[in-house]
Asks: 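First the structure, then my questions, so here it is.
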Amino acid sequence: MAKILRLGNKNKCIYFVLLSTFRIFVGRTITQSIMYDKEHGLYIAHCSSGALSIQGKMANRHGLIAGATGTGKTVTLQVMAESFCQAGVPCFMADMKGDLSGISQAGKLSGFIEKRMPEFGIEDPVFQGCPVRFFDVFGEQGHPMRATISQMGPQLLSRLLQLNETQDGVLNIVFRIADERGLLILDLKDLRQMLDYMAKNAKEYTTKYGFVTSATIGAIQRALLQLEAQGADKFFGEPSFDIRDLMQVEGGKGVMNVLAADKLMMQPKLYSTYLLWLLSELYSTLPEVGDLPLPKLVFFFDEAHMLFEDTSKALLDKIEQVIRLIRSKGVGIYFITQSPTDIPEVILGQLGNRVQHALRAYTPKDQKAVKTAADTFRANPSFKTDEAIMNLETGEALVSFLDEKGAPNIVERAKILFPLSQIGAITEGQRIDIIKQSYIYGKYDTPVDRESAYEILMKEAEEQALAIEEEVKEIEKEVKGKTEKKKAGMMGKVWKAVMTAVTSTLATILGTYVSNKVSGKQTKSKTSAKEKVVKNATSAATRTITRELSRDILGNLIK
């Protein structure tokens, strides 16, 4: 600076003109808030040789932001998102600690930023926020985001429930039967009812789909209860989220879709499976567009290692397929994790735009991870990549973006730009105001429970119960009629036996009386005759009733 002051006025002017020209040549003199232009791309970092930018038409070739905790990954994500926002590209990102909510507010000058301004050639930054939509799977810190069980599908659901191979097979059978019967599985109670139906009708489907045990059904039911206890019942249901609501532009700026993930992170399987579902929905819904000048959407997947932990080979193949092909739908995916070794090689090879923050090597395993991370870059002869990774400062990174032809540039040691939006979380009041001002406010807030598998199967069960009840009543009525008829027949027989006995006794008495009269013998009193008639009749009736009861009892025993 002293040498500059010793120059004459004319020479000073020539110096500053040359300096400005140099800045324009090697980088970009930002006097306001321009982080993107068609000529230079998306300005992300600055190195000794100038600005480092992501080419717009290469932004859908995916990327990686890696580094140890506290090295500046979140700020790098925020800077990238701001650049895409200014380019009119909407983004989706998970906010683990609430820090990313600050992207909705204008930043302010600080000592750290003042120190960095000359390094980046930024003379007069205009701080500003981005248009933001807040989302929350649980509907507490943003607009609810729901999906139906059918949309999730058996493969992702099996991963979420951590089912074994046998249980996974049964779950697939349940989905197949639901499709055949036209039953919608929208929420957890629908799935539980389908499993209950499967358990009760397993024999009917055994020959077609194979043997299904009640133990397997029970294991899946228990896994569903655990999932429900984690709050997943708030996620599954309707109205299901329309992914087109993630692809909005306001005032020429891409809307930043921020998912509140502080609570969601407590259930890692739910978090990773949910984001994987979003990717699958984007892949299956969006049309083929090929390579565009800019992506239609950029998806930031924080804590990416969770996506690949305990993942089956079949699901890993699906993830690899989605990531490989989704770029043709105009979607770029950027993984954020601590080390590149967290990402399977088959997927890591597809991440062309890379920012590597510092890694610490305290153990042989850490040293191996550093060496692996260094080997993923195109070497720069000016420094050793593996040594540089361990000596990077906070906010500093090794950067390599794809050139216009899609080839990786040599790695550069660079400093990441500072964001123009607020660094750090916003207040609860600010969040509520943004949510209420959103054009989708109220669209997803009220759950809808339309007729689906649960209602239909419950109705069928009720109809079957009523039919059985009616049948039982008919049987009871028929049995009652037969019993009464039988009782009436038995009473007739008893009466007949009594009358026969009375008649017989009277005839005997009369015969005796006539005989005595003829022979001159004295007759018995009327009272004795009457008693004899009653005694004989009672005895005859008793014998008849006993005989009939014995026949009935023997008849029932024989039956």
Side-chain angles (χ1 to χ4, degrees), residues 63-85 91-108 110 112-113 127 129-145 230-231 234-235 246 255-276 278 298-307 309 333-339 342 355-360 393-397 416-435:
L64 173 69
I65 302 173
T69 301
T71 56
K73 297 192 299 296
T74 301
V75 173
T76 299
L77 188 160
Q78 190 168 340
V79 169
M80 278 192 179
E82 283 184 2
S83 298
F84 282 116
C85 174
C91 299
F92 176 88
M93 63 200 81
D95 189 7
M96 300 298 177
K97 298 173 289 185
D99 295 350
L100 283 176
S101 61
I103 200 172
S104 63
Q105 307 297 317
K108 59 183 180 180
S110 65
F112 172 77
I113 292 177
F127 295 97
C130 302
V132 172
R133 300 278 182 275
F134 288 115
F135 295 96
D136 186 356
V137 168
F138 305 106
E140 297 172 356
Q141 301 181 65
H143 305 293
M145 298 186 80
Q230 295 175 3
K234 296 180 180 179
F235 169 60
L246 296 178
V255 173
M256 302 290 99
N257 302 283
V258 180
L259 174 70
D262 51 345
K263 183 178 178 181
L264 188 61
M265 278 299 298
M266 302 304 292
Q267 289 84 41
K269 285 293 181 184
L270 180 58
Y271 166 73
S272 59
T273 305
Y274 163 71
L275 293 190
L276 183 55
L278 270 183
V298 171
F299 193 101
F300 290 98
F301 203 129
D302 204 356
E303 300 295 339
H305 65 280
M306 294 182 181
L307 179 62
E309 288 179 351
I333 303 172
Y334 288 73
F335 293 100
I336 298 91
T337 189
Q338 291 200 8
S339 172
D342 296 333
V355 177
Q356 176 67 60
H357 287 277
L359 288 175
R360 311 305 178 201
E393 298 176 358
T394 300
E396 192 178 18
I416 306 298
L417 290 180
F418 55 83
L420 297 173
S421 57
Q422 174 181 314
I423 299 177
I426 61 175
T427 65
E428 187 63 27
Q430 289 174 316
R431 181 185 291 270
I432 292 173
D433 289 341
I434 292 172
I435 292 172

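No hydrogens, no waters, no symmetry mates; every other heavy atom, side chains included, goes into these values.
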Asks: Within this structure, what is the CZ-CD1 distance for the pair F299 and I333, rounded to the nearest 0.5 Å?
Replies: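 Spacing of CZ (F299) from CD1 (I333) equals 7.0 Å.
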Asks: What I'd like to find out is whether the side chain of S104 reaches to under 4.5 Å of the side chain of Q430, using heavy atoms alone.
Replies: no
Asks: Would you indicate whether the side-chain heavy atoms of L100 and Q78 approach each other to under 4.5 Å?
Replies: yes
Asks: Is the shortest heavy-atom distance from the side chain of L275 to the side chain of M306 under 4.5 Å?
Replies: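 No, side chains not in contact.
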Asks: Should E82 and C130 count as side-chain neighbours, where that means a heavy-atom distance under 4.5 Å?
Replies: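 The answer is yes, as the side chains (C-beta and beyond) meet within the 4.5 Å cut-off.
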Asks: Once you round to the nearest 0.5 Å, how far does CG of N257 lie from CE of M93?
Replies: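 Rounded to the nearest 0.5 Å, the CG-CE separation comes out at 7.5 Å.
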Asks: Locate the shortest heavy-atom distance separating V79 from L417; write the atom from each residue and the value.
Replies: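 In terms of heavy atoms, the two residues are closest at CG2-O, 3.0 Å.
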Asks: Kindly compute the distance separating OG1 (T394) from CZ (F112), expressed to the nearest 0.5 Å.
Replies: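 It is 8.5 Å, given to the nearest 0.5 Å.
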Asks: Shortest non-hydrogen contact from M256 to C85?
Replies: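 Residues M256 and C85, closest heavy atoms: CE-CB, 3.6 Å.
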Asks: Does the side chain of I65 reach to within under 4.5 Å of the side chain of M80, using non-hydrogen atoms?
Replies: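 Yes, close enough: below the 4.5 Å cut-off.
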Asks: Provide the closest heavy-atom pair for S272 versus F301 in the form atom of the first, atom of the second, distance.
Replies: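 Shortest heavy-atom separation between S272 and F301 comes out as O-CZ, 4.1 Å.
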Asks: Mind checking the CZ-CZ spacing from F300 to F84? Nearest 0.5 Å is all I need.
Replies: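 Reported to 0.5 Å precision, the distance equals 5.5 Å.
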Asks: Treating R133 as the side-chain partner and V255 as the backbone partner, does any N or O pair qualify as donor plus acceptor under 3.5 Å?
Replies: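 Side chain of R133 to backbone of V255: no pair is present.
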Asks: Answer whether the closest heavy-atom distance between the side chains of S101 and D95 falls below 4.5 Å.
Replies: yes
Asks: Where do A81 and I103 come nearest, in terms of heavy atoms and distance?
Replies: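 Smallest interatomic distance, heavy atoms only, reads CB-CD1, 3.9 Å.
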Asks: Measure the spacing between CG of D433 and CD of E428 and express it to the nearest 0.5 Å.
Replies: 10.5 Å
Asks: Given H357, which partner from the list T76, T69, T71 fulfils the side chain to side chain donor-acceptor pair (under 3.5 Å) test?
Replies: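 Exactly one candidate clears the test, T76.
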Asks: Which heavy atom of V355 sits nearest a heavy atom of A397, and at what distance?
Replies: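 For V355 and A397, the tightest heavy-atom pair comes out as CG1-CB, 3.6 Å.
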Asks: Can the ring centres of F235 and Y274 be said to be less than 6.0 Å apart?
Replies: yes
Asks: Please give me the minimum heavy-atom distance between F138 and K234, naming the atom from each residue.
Replies: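 Here F138 and K234 meet closest at O-CD, 4.1 Å.
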Asks: Using side chain to side chain contact (heavy atoms under 4.5 Å, CB included), reason through T337 and L64 one step at a time and then give a plain yes or no.
Replies: CA-CA 8 Å; T337 189; L64 173 69; 4.1 Å; yes
Asks: Could you list the donor-acceptor pairs under 3.5 angstrom formed between side-chain atoms of residues 263-271 and any protein atom two or more places apart in sequence or on another chain?
Replies:
residue	atom	partner	partner atom	Å
K263	NZ	E140	OE2	3.0
K269	NZ	E309	O	3.2
Y271	OH	D302	O	2.6

Asks: Do T74 and I336 come within less than 4.5 Å of each other through their side chains, counting heavy atoms only?
Replies: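 In short, these two side chains do not touch, never coming nearer than 4.5 Å.
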Asks: Report yes or no: does K108 contribute a side-chain atom to a donor-acceptor pair with the main-chain N or O of Q422 at less than 3.5 Å?
Replies: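 Not confirmed, K108 side chain does not pair with Q422 backbone.
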Asks: Report the C-alpha distance between D262 and Q141 in whole Å, list the side-chain angles of each, state the deciding distance to 0.1 Å, and finish with yes or no for side chain to side chain donor-acceptor pair (under 3.5 Å).
Replies: CA-CA 10 Å; D262 51 345; Q141 301 181 65; 3.2 Å; yes
Asks: Are Q105 and I434 side-chain neighbours, meaning at least one heavy-atom pair lies under 4.5 Å?
Replies: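 Yes, at least one pair of side-chain atoms sits under 4.5 Å.
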Asks: Short question: side chain of D342, backbone of S339 - any donor-acceptor pair under 3.5 Å?
Replies: yes
